[in-house]
> 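What follows is a single structure, and I will ask about it in a moment.
In what follows, chains are A, B, ... by sequence order, proteins preceding strands, each numbered from 1. Keep in mind the model is a prediction, meaning the values are calculated, not measured.
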Amino acid sequence: MVDLATRIGAITLANPVMPASGTFGPELAQVFDLDALGALVTKSVTPEPRAGNPLPRLCETEAGILNSIGIPGKGLDHFIAHAIPEWRRFRPPLIVSLSAGTNAAFAEAAARLAETPGIAAIEANISCPNLEEDGRAFAMFPESAAAAIAAMRARCALPIWAKLSPNTGDIAAVARAVEEAGADAIVVANTILGLAIDIETARPRLGAGMGGFSGPAFKPIALRLTWQCAQAVRIPLIGVGGIATAEDAVEFMMAGATAVQIGTASFVSPTAMMQVIEGLRDFCTRRGFTRSADLTGLALPGRRLAAE
Amino acid sequence: MVDLATRIGAITLANPVMPASGTFGPELAQVFDLDALGALVTKSVTPEPRAGNPLPRLCETEAGILNSIGIPGKGLDHFIAHAIPEWRRFRPPLIVSLSAGTNAAFAEAAARLAETPGIAAIEANISCPNLEEDGRAFAMFPESAAAAIAAMRARCALPIWAKLSPNTGDIAAVARAVEEAGADAIVVANTILGLAIDIETARPRLGAGMGGFSGPAFKPIALRLTWQCAQAVRIPLIGVGGIATAEDAVEFMMAGATAVQIGTASFVSPTAMMQVIEGLRDFCTRRGFTRSADLTGLALPGRRLAAE
Amino acid sequence: MDLAPAAFPVAERNAVVIESAPVGRRYHRLRLDAPDLSALSRPGQFFHLLCRDGAGSGPYLRRPMSIWRCGADEPLGFLFHVKGRGTAALAALRAGDRLSVVGPLGQGFTLHPSWRRILILARGVGLATLAPLTEAAARMGIAVEAVLSARDPADLMAEEFAGHSGAHVFPVLDADGSSDPLAVEALLRARFEAARPDAVFTCGSNRLLLLLQRLSAEYAIPGQVALEQQMGCGLGMCFCCVRPIRAPDGGTVNLRVCAEGPVFDLQAALGW
Amino acid sequence: MDLAPAAFPVAERNAVVIESAPVGRRYHRLRLDAPDLSALSRPGQFFHLLCRDGAGSGPYLRRPMSIWRCGADEPLGFLFHVKGRGTAALAALRAGDRLSVVGPLGQGFTLHPSWRRILILARGVGLATLAPLTEAAARMGIAVEAVLSARDPADLMAEEFAGHSGAHVFPVLDADGSSDPLAVEALLRARFEAARPDAVFTCGSNRLLLLLQRLSAEYAIPGQVALEQQMGCGLGMCFCCVRPIRAPDGGTVNLRVCAEGPVFDLQAALGW
Ligand SMILES: Cc1cc2nc3c(=O)[nH]c(=O)nc-3n(C[C@H](O)[C@H](O)[C@H](O)COP(=O)(O)OP(=O)(O)OC[C@H]3O[C@@H](n4cnc5c(N)ncnc54)[C@H](O)[C@@H]3O)c2cc1C
Ligand SMILES: Cc1cc2nc3c(=O)[nH]c(=O)nc-3n(C[C@H](O)[C@H](O)[C@H](O)COP(=O)(O)OP(=O)(O)OC[C@H]3O[C@@H](n4cnc5c(N)ncnc54)[C@H](O)[C@@H]3O)c2cc1C
Ligand SMILES: Cc1cc2nc3c(=O)[nH]c(=O)nc-3n(C[C@H](O)[C@H](O)[C@H](O)COP(=O)(O)O)c2cc1C
Ligand SMILES: Cc1cc2nc3c(=O)[nH]c(=O)nc-3n(C[C@H](O)[C@H](O)[C@H](O)COP(=O)(O)O)c2cc1C
Ligand code: FES
Ligand code: FES
């Protein structure tokens with residue numbers, strides 16, 4: 001039998017497959033038993049309630065989608081009072097994704113979440129706009145990324161996973177900066193900025209104009225970002241971006257990821273995560289890997305293929 | 001009849017469609033009359049001969065390809081002596097793409113090309129690695145991009161088109177910097193770094209490891225980069241990235257491009273550029289545009305749709 | 001055929017196409033072999049369809065499609081306007097091909113046993129969404145009157161709507177001007193007066209929604225509307241399918257057409 | 001049928017499939033209606049095929065495929081091993097479907113009128129590349145001997161190779177060990193001694209290339225080899241299909257299999 005157990009710092013997952021923030025909710029329990037997942041990752045919660053962006057909030061491109069949902073939500077108070085209890089129905093470790101506009105707001109929210117039982121880790125969505133840097137995302141620059149993580153680190157004992165943005169020029173530098181600032185793991189990557197225009201109306205297809213690009217078309221970029229981060233830091237990496245099959249997941253693990261997240265693929269096949277878990281087990285069996293964790297980093301320069 | 005004439009600074013093209021550097025050569029004259037194109041763009045020439053990267057140099061991804069050809073070539077002397085005469089058989093303006101490792105090498109080569117009759121403009125491939133910045137591309141930072149363009153500007157009277165890279169964190173800043181340094185137009189964008197791993201061998205599919213990602217999957221990113229540059233500079237923009245149909249070309253023009261380049265699509269359909277020219281004429285006729293140039297920038301914020 | 005309740009209320013299922021046939025010039029119908037899902041389905045609910053033709057070619061995201069026919073001994077049926085790449089791929093399916101469906105999804109219509117008569121107002125393919133409601137009403141002994149608005153007789157699909165529900169259909173057509181708002185208002189007033197419905201239902205047209213809201217408020221008749229919105233997940237997870245809906249406190253709140261909907265209280269819906 | 005020379009030597013053409021049929025367990029053949037292109041084609045050249053099945057589903061890039069059958073009064077034919085997504089999409093094509101081809105491309109084999117006898121050494125589907133050479137030699141009155149190496153009788157496809165060229169085929173099989181390098185070397189020496197060929201040709205196996213290079217050098221017999229390499233443009237523009245080839249000055253140079261090749265001088269090719 002293949003051992004799919006996966007350690008991310010202090011947390012142990014039953015397998016390395018989890019959902020990507022914003023593409024998953026308790027509603028998926030209508031389709032399959034969420035307890036089969038490695039971990040559960042919530043939609044990003046923000047300190048204050050948000051209405052979200054104007055519609056349309058989503059459009060199709062070639063082998064992918066653009067989205068500009070705008071992180072709508074009822075805010076942190078409602079989340080702690082109503083959402084957490086609902087999530088506690090499930091057994092896998094609960095990872096709460098947090099978005100905020102300033103370092104102080106990140107720290108304050110992280111502190112409150114740290115006092116809330118039932119949360120395994122905080123995924124810091126520092127790829128969202130930093131209101132004090134004229135809307136540029138924290139994760140665009142090493143300094144602003146590190147500042148947000150350090151602010152949270154000082155007020156929160158829970159493990160902090162820094163979710164990085166592909167829109168930066170040097171993700172390895174940002175990865176090193178958040179590692180030094182105390183991040184326990186790095187999630188790579190959030191969506192990359194894209195645009196689609198309806199030539200009949202000469203207007204962007206999304207209400208908000210630009211949007212985040214995700215899905216299979218984004219995979220080669222997200223895989224490269226994972227590969228670059230794996231050679232820059234020692235803390236565990238969680239790869240995300242266009243993963244739909246077990247083969248995709250294995251690619252990210254060989255590029256250095258300890259675990260993977262699946263987002264857009266669940267829209268096309270709600271059972272995608274289950275298929276990836278099964279497919280990962282089959283791959284390890286076929287290729288003689290007794291532990292899926294042995295896949296991590298196999299393709300990195302200088303690593304012979306152990307199992308051959 | 002629709003007027004497809006296109007002005008890029010001092011140069012006038014019969015239509016806004018031209019090939020993308022590295023995906024085109026005189027060999028395409030075996031398929032159709034190259035004189036029908038708006039302009040001809042050569043493979044990047046380098047001062048010294050180069051062998052190019054180890055094989056494989058190309059692999060398929062979902063709706064796109066990764067390439068790491070490594071700019072092989074016989075060098076500037078051979079290019080001026082043998083390639084230029086062959087290109088002079090054709091009538092459209094000849095745009096020579098130039099790649100070099102240092103500012104001085106860029107300037108020296110640009111000066112020699114400026115003295116070579118029959119060249120309409122130089123496309124400065126500043127998205128290639130800058131050997132004096134540990135291999136990071138000139139176009140990654142406003143300063144290094146501007147320095148390369150300024151060095152060429154001082155030694156070359158020909159129009160200089162700066163070809164930018166999507167791998168930077170802030171393409172608008174790089175665009176402004178090259179505009180100030182004297183670039184006559186901006187080509188946006190070169191390929192974005194990507195990776196693919198063969199999970200059976202746990203090795204990258206390309207001999208050189210990472211590669212440049214292009215084709216339809218790259219379009220939403222290249223269109224966004226064009227949109228951002230259009231709101232940052234006044235000099236003409238040439239949009240490139242995943243364009244395969246006339247609809248794609250119109251999208252880039254409405255996002256602010258004066259002209260477009262077609263690369264990977266010619267591998268799938270060698271007559272792609274001809275189909276785009278025809279399709280552009282049909283679109284303008286159907287929608288009542290007398291000049292295709294009127295499409296440029298229609299979707300930019302604050303621009304009503306004139307033709308309605 | 002008594003089915004054990006599915007372990008999970010929503011299935012992702014590769015169902016076999018039993019029938020695939022054009023309807024009129026612009027529509028197409030599909031019938032699938034999925035008895036358990038058909039039995040679970042309620043009028044007003046929908047499925048999220050993966051629009052890949054026999055060879056796997058089609059757009060990336062799934063398309064939402066109302067349940068047109070359902071029931072324990074009835075194949076799962078969809079009736080749709082062939083509009084873009086997705087519905088074209090669906091129309092290219094042949095009997096024997098497989099179609100990946102996710103569902104049944106969303107909140108359907110509600111019928112109170114006390115009701116004796118209902119009125120339906122549908123435009124174009126909106127009648128597909130309301131067809132299973134008519135069947136259900138007939139089974140509960142509720143009389144159904146249906147005003148079906150369409151471009152021309154070929155587009156009317158009255159038979160596809162009524163099936164064997166015995167519903168009394170009032171066709172109104174653009175072709176002869178009878179679908180003009182004023183004419184439709186007069187017809188509705190006449191029906192409200194002659195055979196006052198206990199509840200009214202509509203789908204498929206913003207103009208008819210606003211008209212029915214005004215009239216049913218005037219006559220104090222409760223109503224329900226099935227709305228549409230572009231969808232991503234179809235399961236309530238992504239928040240891309242929201243519409244502003246009037247909240248009890250008078251303000252509006254963004255509700256998910258795929259989760260809180262597609263059926264909303266007639267007076268709560270806002271025109272689009 | 002006298003065809004005006006095509007305005008351009010290379011066409012991008014949506015040709016109609018005349019025949020699409022499996023060959024043995026692992027191969028498939030296609031015949032296309034493209035008389036002008038078939039007449040233009042020379043043995044050893046190839047076409048770049050867009051591998052999209054009837055419904056447009058298939059991999060992004062085109063696949064290179066040698067011309068297996070060609071000639072003024074012969075449909076354009078391809079014979080291929082069904083290996084991955086591209087060749088699978090080709091094998092799914094039905095008569096009447098259209099297949100987008102680009103070609104004829106590359107430099108083919110050369111036959112000198114003075115030659116009286118040639119010997120061909122092919123492995124597996126490499127025989128498809130050499131089949132039109134056999135037909136051409138027969139038309140020039142050149143005798144052809146062919147050593148065809150294959151796994152087992154079912155894979156041999158001798159008939160697909162020889163057609164009505166009258167070539168004398170020496171089958172060698174893995175199944176009975178006759179395809180073992182030592183056995184093949186002995187057979188070749190016997191043929192070189194008994195009926196010395198004026199030239200030798202090979203395609204499809206690195207091992208056989210190295211063997212033939214050694215023997216033909218020993219017997220001073222000129223030869224040609226058709227090589228393969230992954231392709232992007234297929235037209236000589238992208239430089240992704242290069243292979244190191246021995247240059248006259250003794251060094252090696254990267255030449256494009258799609259432009260300078262696929263046929264190279266036997267002694268100039270390097271093993272891969
Ligand atoms: C709950 C619900 C039930 C529906 N039931 C039916 C039905 O029974 N019969 C029928 O003909 N149509 C129905 N529709 C509309 C149907 O989903 C669209 O016609 C279909 O998605 C169009 O897809 P396409 O690729 O053919 O068109 P395209 O125009 O190419 O679609 C492009 C994008 O816009 C979206 N889109 C376009 N039109 C609509 C629309 N009206 N509603 C939602 N998304 C849209 C598509 O999903 C796709 O993402 C329903 C929609 C919803 C939300
Ligand atoms: C000039 C030339 C002539 C050829 N003639 C024939 C022929 O007559 N019959 C035949 O069966 N095959 C022939 N081949 C090989 C044929 O091109 C490959 O088998 C085919 O490309 C495999 O594609 P796939 O998608 O089925 O396989 P995959 O393995 O999925 O292909 C993946 C990628 O690798 C490339 N690739 C895989 N194998 C080869 C190969 N051997 N050569 C070049 N590219 C390859 C594909 O083009 C594709 O880009 C020829 C190749 C060349 C270069
Ligand atoms: C509809 C949608 C909503 C998303 N919302 C969030 C979010 O709230 N927080 C976040 O960190 N990432 C969000 N993402 C990004 C995903 O978590 C993921 O990083 C990205 O989509 C790439 O993965 P994928 O290609 O598997 O979807 C969202 C993505 C989509 C498609
Ligand atoms: C095989 C290949 C070779 C390329 N070589 C060059 C080059 O030499 N110089 C350059 O500036 N860009 C080069 N490019 C980038 C293209 O010019 C273009 O910017 C990019 O491919 C995006 O456009 P596309 O999606 O239409 O191909 C190359 C692209 C490909 C696919
Ligand atoms: S479509 Fe995702 S929430 Fe409704
Ligand atoms: S395949 Fe492009 S040069 Fe040969």
> Enumerate the residue pairs fulfilling side chain to side chain donor-acceptor pair (under 3.5 Å) with a member in residues 166-176 of chain A, sequence neighbours excluded, ordered by first and then second residue.
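Qualifying pairs, neighbours excluded: Ser165(A)-Asn167(A).
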> Donor-acceptor pairs under 3.5 angstrom involving side-chain atoms of residues 254-263 of chain B: please list them, not counting sequence neighbours.
from      : atom 1 : to        : atom 2 : distance (Å)
Gln261(B) : NE2    : Glu123(B) : OE1    : 2.8

> Under the salt bridge (Lys or Arg N to Asp or Glu O under 4.0 Å) rule, what pairs show up with a residue in residues 289-302 of chain A, not counting sequence neighbours?
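Listed once each, the pairs are Arg291(A)-Asp294(A).
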> Of all the residues in residues 237-252 of chain B, which have a heavy atom that comes within less than 4.5 Å of a heavy atom in chain A?
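When heavy atoms of chain A are the reference, residues 237-252 of chain B contributes Glu247(B), Val250(B), Glu251(B) within the under-4.5 Å range.
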> Side chain, backbone, both or neither: which part of Arg286(A) has a heavy atom under 4.5 Å from chain B?
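The side chain, not the backbone.
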> Which heavy atom in Ala162(A) sits nearest to a heavy atom in Ile126(A), and how many Å separate them?
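Reported closest heavy-atom pair: CB-CD1, 4.3 Å.
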> For chain B, find which of Leu66(A), Leu295(A), Leu193(A), Thr226(A) contributes the most heavy-atom pairs closer than 4.5 angstrom.
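Top count of heavy-atom pairs under 4.5 Å with chain B: Leu193(A).
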> Does any heavy atom of chain B fall under 4.5 Å from the side chain of Pro204(A), the backbone, both, or neither of them?
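Side chain of Pro204(A) only, per the 4.5 Å heavy-atom cut-off to chain B.
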> Shortest non-hydrogen contact from Pro16(B) to Leu280(B)?
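Shortest heavy-atom separation between Pro16(B) and Leu280(B) comes out as CG-CD2, 3.4 Å.
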> Take Thr23(A) and Phe267(A) through the test side-chain contact (heavy atoms from CB on, under 4.5 Å) and record every step on the way to the result.
CA-CA 8 Å; Thr23(A) 67; Phe267(A) 292 3; 3.8 Å; yes
> Should Arg224(B) and Ile192(A) be marked as a side-chain contact (heavy atoms from CB on, under 4.5 Å) after you check the CA-CA gap, both sets of side-chain angles, and the distance that decides it?
CA-CA 10 Å; Arg224(B) 180 261 299 176; Ile192(A) 187 166; 3.8 Å; yes
> Which value, rounded to the nearest 0.5 Å, describes the distance between Ile197(B) atom CD1 and Leu223(A) atom CG?
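Between Ile197(B) CD1 and Leu223(A) CG, I get 4.5 Å after rounding to 0.5 Å.
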> Mind ranking Leu195(A), Thr61(A), Ile171(A) by heavy-atom pairs under 4.5 Å with chain B and telling me who comes out on top?
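Ranked by heavy-atom pairs under 4.5 Å with chain B, first place is Leu195(A).
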> Answer yes when Arg287(B) and Glu200(A) have at least one side-chain N-carboxylate O distance shorter than 4.0 Å, and no when they do not.
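Salt bridge: yes.
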> Determine the option with the most heavy-atom pairs under 4.5 angstrom with chain B, choosing from Pro220(A), Gly194(A), Ala217(A).
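Winner by heavy-atom pair count: Pro220(A).
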> Please flag which part of Phe218(A) lies under 4.5 Å from any non-hydrogen atom of chain B: side chain, backbone, both or neither.
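Neither part.
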